Amino acid sequence: MNFKAIKEEILKSKRIGLSFHASPDGDAIGSILALLNALRYLGKDSYIISRDVISDNFSFLSLSNEIDGNTPGPKMNTDLVIVLDCGNADRISADLDNYNGKIINIDHHISNEKYGFINYVDVNAAATCEISYLLIKELGIEFNNKTDIEIAIGSAVYTGIVTDTGSFRHSNVTSRTHEIASKLIELGVDNSKVHTSLFDNKPFNKVKLMGSVLSNIELVLDNKVAVLQIPKGMLEDFNLINTDTSDLSSVGLGIKGVEVSMLLKEVKDGVKGSLRSKNNVDVRKVAEVYGGGGHIKAAGVMLKGVDIIEAKEKLLNALKEEMHL
Ligand code: 5GP
Ligand code: MN
């Protein structure tokens, strides 16, 4: 895989839309904003296509205000759409049904469906942001001039790396991950500011919600699986409708002996399950049983038309099988 073909397509395109997966996380947001800042700097007519809005803790990133949910599909005359951090065509946060132009798919999920006309899928990248960084270098931004634009792009890249690696904790981290982070810090990216903005910036009620969820945590399947639940109405009760809750998914892994932490969140049309694994349990396989996906140690699934009790039962059955219990 190399970036030459992608670079050529970018250079010859007149108008470029950028999109990512629905309910974008730090890596999706970081990789799209890194590329948007770079393309604008290079003088390309480029913009974000997103049905989603993002939570406030990402507002420190340059151009994050453009992820406002107001451009759900490609604008007129768009000849290239680049999708970042999204493995499945039906999870793209964009209405592409009437779009006839080219799609480039840039991602790091094993389960990627290769839905693009060019597919750059590097499963060894800890974050799609690693790929964005390398692509942006190929586009001619060198990351050694300590300019404001380089630092803005670098902060977005650093954000995706930090969020997709659990702050450099997960086994997806490689020496390249640290090399890129090292270059970014040398450049002037303020790592402490990024961490504080992302993680030490919660609404007071969010911490109270965490308390409530934690006080109801359960251990099941020989105490190897921790279950955390956000039932219908709970977010409203705490006045937290659009708040990201993904930081709760892995909390159960902090418990001695727990292999899998599962967060169940009741939403409008069903239940969103988020699974995190400490060692060898492949939670992607569990999510795939019900049409979800992700990575071996972090996966998600949307169970439509069920309540939280049924969703829990379904996912625990699949986990039981996968864990040979
Ligand atoms: P999360 O649990 O934080 O939503 O997602 C964990 C990982 O699983 C991420 O890499 C995310 O892209 C992926 N993921 C989450 N939900 C789904 C889903 O419904 N389908 C697929 N294919 N992947 C998902
Ligand atoms: Mn990612």
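As the structure is a prediction and not an experimental result, all values here were calculated from the model. Index from 1, following the sequence. All ligand and atom numbering here is 1-based and tracks the order in the structure.
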State the atom name: nearest N, O or S atom of D164 to the Mn ion (ligand 2).
OD2

Please tell me whether F238 and V251 are part of a single hydrophobic cluster in this structure, the criterion being side-chain heavy atoms less than 4.5 Å apart.
yes

Go through ligand 1 atom by atom and flag the ones less than 4.0 Å from a non-hydrogen atom of H295.
10 (O)

Ionic contact status for K14 with D79, cut-off 4.0 Å:
no

Please determine if S111 has a nitrogen or oxygen closer than 3.5 Å to a nitrogen or oxygen of ligand 1.
no

Going by an N to O cut-off under 4.0 Å, is there a salt bridge joining K202 and D244?
no

How long is the span from the CD1 atom in I131 to the CG atom in D27, to the nearest 0.5 Å?
8.5 Å

Nearest protein heavy atom to atom 20 (N) of ligand 1, by residue and atom, and its distance?
R91 CD, 3.2 Å

Work out the angle at the Mn ion (ligand 2) between OD2 of D27 and NE2 of H108, rounded to 10°.
90°

Element-labelled atoms of ligand 1 that are located less than 4.0 Å from some non-hydrogen atom of K272:
1 (P), 4 (O), 15 (C), 16 (N)

Grab the two heavy atoms, one from S50 and one from I67, that are nearest each other, plus how far apart they are.
OG-CG2, 3.9 Å

Is atom CG of N98 surrounded by more than 12 heavy atoms (other residues, nucleotides or ligands) closer than 6.0 Å?
no

Judged on heavy-atom distance to atom 6 (C) of ligand 1, which of E113, H108, R276, M302 sits nearest?
R276

One finds that the ligand 1 atoms under 4.0 Å from a non-hydrogen atom of S274 are 1 (P), 2 (O), 4 (O)

Which atoms of ligand 1 sit under 4.0 Å from any heavy atom of G294?
8 (O), 13 (C), 23 (N)

For D85, the N, O or S atom at the shortest distance from the Mn ion (ligand 2) is OD1

I need the contact type for M262 against ligand 1. Using non-hydrogen atoms and a strict under-4.0 Å cut-off, is it side chain, backbone, both or neither?
neither

Check this for me - ligand 1, G300, N or O atoms closer than 3.5 angstrom, yes or no?
yes

Atom 21 (C) of ligand 1: nearest protein contact (heavy atom, Å):
G293 N, 3.2 Å

Can you tell me if CD on E321 sees more than 12 non-hydrogen neighbours from other groups inside 6.0 Å?
no

Just need the protein heavy atom nearest to atom 7 (C) of ligand 1, so name the residue and atom and give the distance.
A298 O, 3.4 Å

Side chains of N112 and N105, donor plus acceptor under 3.5 Å:
yes

Could R284 and E322 be called an ion pair, given the rule that one side-chain N must be under 4.0 Å from one carboxylate O?
no

Which ligand 1 atoms are under 4.0 Å away from a heavy-atom of N88?
21 (C), 22 (N)

If we number the atoms of ligand 1 from 1 as shown, the ones under 4.0 Å from a heavy atom of H109 are 9 (C), 10 (O), 12 (O)

Once the angle between the rings of H195 and Y158 is folded into 0 to 90°, is it parallel (under 30°), tilted (30 to 60°) or perpendicular (over 60°)?
perpendicular

